There are 2 protein chains.
Amino acid sequence: MGCSLKDIAEDLKLSKTTVSWVLSGNGNRRNISIETQELVKKRAREMNYEPNLLAKSLSKGITHTLGLIIPSISDLFYAQIAKAIELEAWKNNFSVIFCSSESDPQKEFDLIRMLKQKQVDGLIIAPTKKNDNQIKQLIVEKYPFVLFDRYYPNLNTNYVIINNEESAYNVVKRVIAEGRRKIAIITTNSYLLLMKMRYNGYKKALEEAGIKVDENLLIEVNVTDYENELNKVLYELLSHYPDIDGFFFTTHILAIETIKYLYKHFDNVTKRFGFACMHEEPLLHVLAPNLKIARMPVQEIGQMAASILIEEITMKQEGIIKESEKVGIVLKSTIIE
Amino acid sequence: MGCSLKDIAEDLKLSKTTVSWVLSGNGNRRNISIETQELVKKRAREMNYEPNLLAKSLSKGITHTLGLIIPSISDLFYAQIAKAIELEAWKNNFSVIFCSSESDPQKEFDLIRMLKQKQVDGLIIAPTKKNDNQIKQLIVEKYPFVLFDRYYPNLNTNYVIINNEESAYNVVKRVIAEGRRKIAIITTNSYLLLMKMRYNGYKKALEEAGIKVDENLLIEVNVTDYENELNKVLYELLSHYPDIDGFFFTTHILAIETIKYLYKHFDNVTKRFGFACMHEEPLLHVLAPNLKIARMPVQEIGQMAASILIEEITMKQEGIIKESEKVGIVLKSTIIE
DNA sequence: ATGAAAGCGCTAACAG
DNA sequence: CTGTTAGCGCTTTCAT
């Protein structure tokens, strides 16, 4: 169906080389006569020629494709970042294969492997695992990649994260400033460093205000089943400690579910409770106007991650090996109240 | 870095052919001795062999990659469908390159072209254009693809859509049943067939209830700038027709923005107005408990689209050409009140 | 039971 | 200015 370089060459009684030069835009640099160039281009158009990028990639050793691995593309936070990544990639003539790891280490492993086999030029990963040999392996192989959202502080990698501790601190501080004293923290995946940091921020804010940190007000739920789990856990929490007057949510998903729950079971929700959460969700602020939000700079996260990666790929491609000059970026959230 | 078939073959003093047979799992079928098979596999493991899928694809003519083109991956509706597509693809050993067209016909065009050049085995598209030559071209070329969300009724293609008219009708009917009589419709992209269908459903519900359809209550906004536009337009609408007592939104985005606006400018929003909208958004229902929703079967849409496409690709691959036996699927929404 | 060789569609060093 | 040739890594027909 599709015609190839060879077809054009034969048709024109030229060599594949010549045709290749002009069609890949190197006609002038290679001193192909203008007439020949025009001829080839014209014929290519007539024959509806489309280059086979697969063949080109195999030959040149670059696919102009990135691999993106995130917990789930249907999570708005990651979807927004994915969008920014895609845009930046498109600007640079890259496309992206997107993969949801489902927070499953095994699937993450398989995905990375598959993407490497498909010869993507680089990876952007929000890793799920605590300590990862595969990541170390990537480093050893000098495979270009950048981590975001989560990272490994003791590994020398590119990464883009946000100021988690500070954000949490700022937002909880504002809830305290409203006069709330008994603030519960709802969290998940606490084995992740970023969650620890958010907890630390929460703690710091309380301590600074002279409030004792109460372990009983720390609630952790399992992400995979939070809808059910939260209902149960919140019920217990609020019956044992009916004087709770505030919540800090370490993710927007937890905020959504909890506020839903509260609306179902309490009146005057926003009078009774103060709220703080990480990441903005469109309607949350309407529902709880007193909510303090640390808004994530999603565009920047995606844009930075992609451009850092593409930069590294390009360098590598051109043989410029700037050994171990990895870039780590910490972006700031915006506090909304 | 990575080693190839050839390396293993040389190392083992075997031919590439033999190594290829066993590593691609065809050892038995090709009568390679068990010992040789074990030997090869062992050595491959030791040498950390990973197949180059690019080369394999070029050779076999199948990439096991799909292209997905949607208006925007950061739109929750599309993100959910994308997730379902990805899952179904993964099950069948396919991966997917995702592309946001930004509702820009030119970008859509370029994306389809690029994906074809990258030799994706098939496309899943939520097309933006009214009438599309490129789509017709795909048909001529027998390029596997499936449309969803939007489609071209006069073209013989695979498609997966929902019962737009009926959904709109059902949901508006319920608002009327609550006693609302002056129901405005907020819509966008009315050139799209699916929007026309939703409008028809709205109209049908009104007419059936003996309510005159008032053109002045039909508001269309431009998606690309709806935040600003909506504010202005709603202000005017509500000053001219202060007795409006209900809204039907043809997309969840419009619902979100409008309800935000209403909460800012009115008290007793849910007493004063009845609401109906297409597609579910988590918090909307909490904010407006009287909202009638036509919930889209996002999982099914994605799952169906992907499996239809993969089915067709597989058929084509195996040379089974079931000429023009395209499948069109109309899924039903679920009404929530 | 295994291998030689051509081919997928493109690039690029080298020749002339 | 243009062509020859080998090669990217894998598959597959046809020999042996």
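We name chains A, B, ... by the order of the sequence lines, and we start the count at 1 in each one. Keep in mind that what you see is a predicted model, and the values were worked out from it rather than measured. These numbers come from the heavy atoms of this one structure, side chains and all, not from hydrogens, waters or symmetry mates.
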Student: Under a criterion of less than 4.0 angstrom to any heavy atom of chain A, what are the 5'-terminal and 3'-terminal contacting nucleotides of DNA chain C?
Tutor: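 In short, chain A contacts DNA chain C from dG9(C) to dA13(C).
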Student: Starting from the first five and the last five pairs of the helix from dA1(C)-dT16(D) to dG16(C)-dC1(D), work out the angle between the resulting helix axes, to 10 degrees.
Tutor: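 The end axes of the helix from dA1(C)-dT16(D) to dG16(C)-dC1(D) are about 50° apart, to the nearest 10°.
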Student: Under the ring pair (Phe, Tyr, Trp, His ring centres under 6.0 Å) rule, collect the residues that match up with Phe148(A), sequence neighbours excluded.
Tutor: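 Listed in chain order: nothing, the list is empty.
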Student: Show every salt bridge (charged side-chain N to carboxylate O under 4.0 Å, His left out) that has at least one partner inside residues 80-90 of chain A, sequence neighbours left out.
Tutor: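 Non-adjacent pairs meeting salt bridge (charged side-chain N to carboxylate O under 4.0 Å, His left out): Lys83(A)-Glu102(B), Glu88(A)-Lys91(A).
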Student: Taking salt bridge (charged side-chain N to carboxylate O under 4.0 Å, His left out) as the test, write out the residues that go with Lys16(A), two or more places apart.
Tutor: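 Counting only residues at least two positions away or on another chain, Lys16(A) forms no salt bridge (charged side-chain N to carboxylate O under 4.0 Å, His left out).
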Student: According to the salt bridge (charged side-chain N to carboxylate O under 4.0 Å, His left out) rule, which pairs have a member within residues 26-36 of chain B, sequence neighbours left out?
Tutor: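 Checked against salt bridge (charged side-chain N to carboxylate O under 4.0 Å, His left out) - neighbours excluded - no pair reaches residues 26-36 of chain B.
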Student: Any salt bridge (charged side-chain N to carboxylate O under 4.0 Å, His left out) pairs touching residues 49-71 of chain B, not counting sequence neighbours?
Tutor: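 Residue pairs passing salt bridge (charged side-chain N to carboxylate O under 4.0 Å, His left out), neighbours aside: Arg113(A)-Glu50(B).
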Student: Identify whether any heavy atom of Asn52(A) sits under 4.0 Å from a base atom; if not, whether one sits that close to sugar-phosphate; answer base, sugar-phosphate or nothing.
Tutor: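 Sugar-phosphate contact only.
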Student: In chain order, what residues pass the ring pair (Phe, Tyr, Trp, His ring centres under 6.0 Å) check against Phe77(A), with sequence neighbours excluded?
Tutor: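 Expected list: His279(A).
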Student: Can you list every pair that meets ring-ring contact (aromatic ring centres under 6.0 Å, His included) and has a residue in residues 7-61 of chain B, with sequence neighbours left out?
Tutor: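 Passing the test, one end in residues 7-61 of chain B: no pairs.
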Student: With sequence neighbours left out, write down each residue that passes salt bridge (charged side-chain N to carboxylate O under 4.0 Å, His left out) with Lys42(B), or none if nothing qualifies.
Tutor: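 Lys42(B) satisfies salt bridge (charged side-chain N to carboxylate O under 4.0 Å, His left out) with Glu46(B) once adjacent residues are dropped.
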Student: With sugar-phosphate meaning primed atoms plus P, OP1 and OP2, does Ser57(B) contact a base, only sugar-phosphate, or nothing at under 4.0 Å between heavy atoms?
Tutor: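 The residue Ser57(B) makes no contact with any strand.
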Student: Pairs under 3.5 angstrom only: tabulate donor-acceptor contacts from the side chains of residues 5-13 of chain B to other protein residues two or more places apart or in another chain.
Tutor:
| from | atom 1 | to | atom 2 | distance (Å) |
| --- | --- | --- | --- | --- |
| Asp7(B) | OD2 | Ser4(B) | N | 2.8 |
| Asp7(B) | OD2 | Ser4(B) | OG | 3.3 |
| Asp11(B) | OD1 | Arg43(B) | NE | 2.7 |
| Asp11(B) | OD2 | Arg43(B) | NH2 | 3.4 |

Student: Heavy-atom contacts under 4.0 Å between residues 14-25 of chain A and DNA chain C, which residues?
Tutor: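 The stretch gives Lys16(A), Thr17(A), Ser20(A), Trp21(A) as the residues lying under 4.0 Å from the strand, ordered by number.
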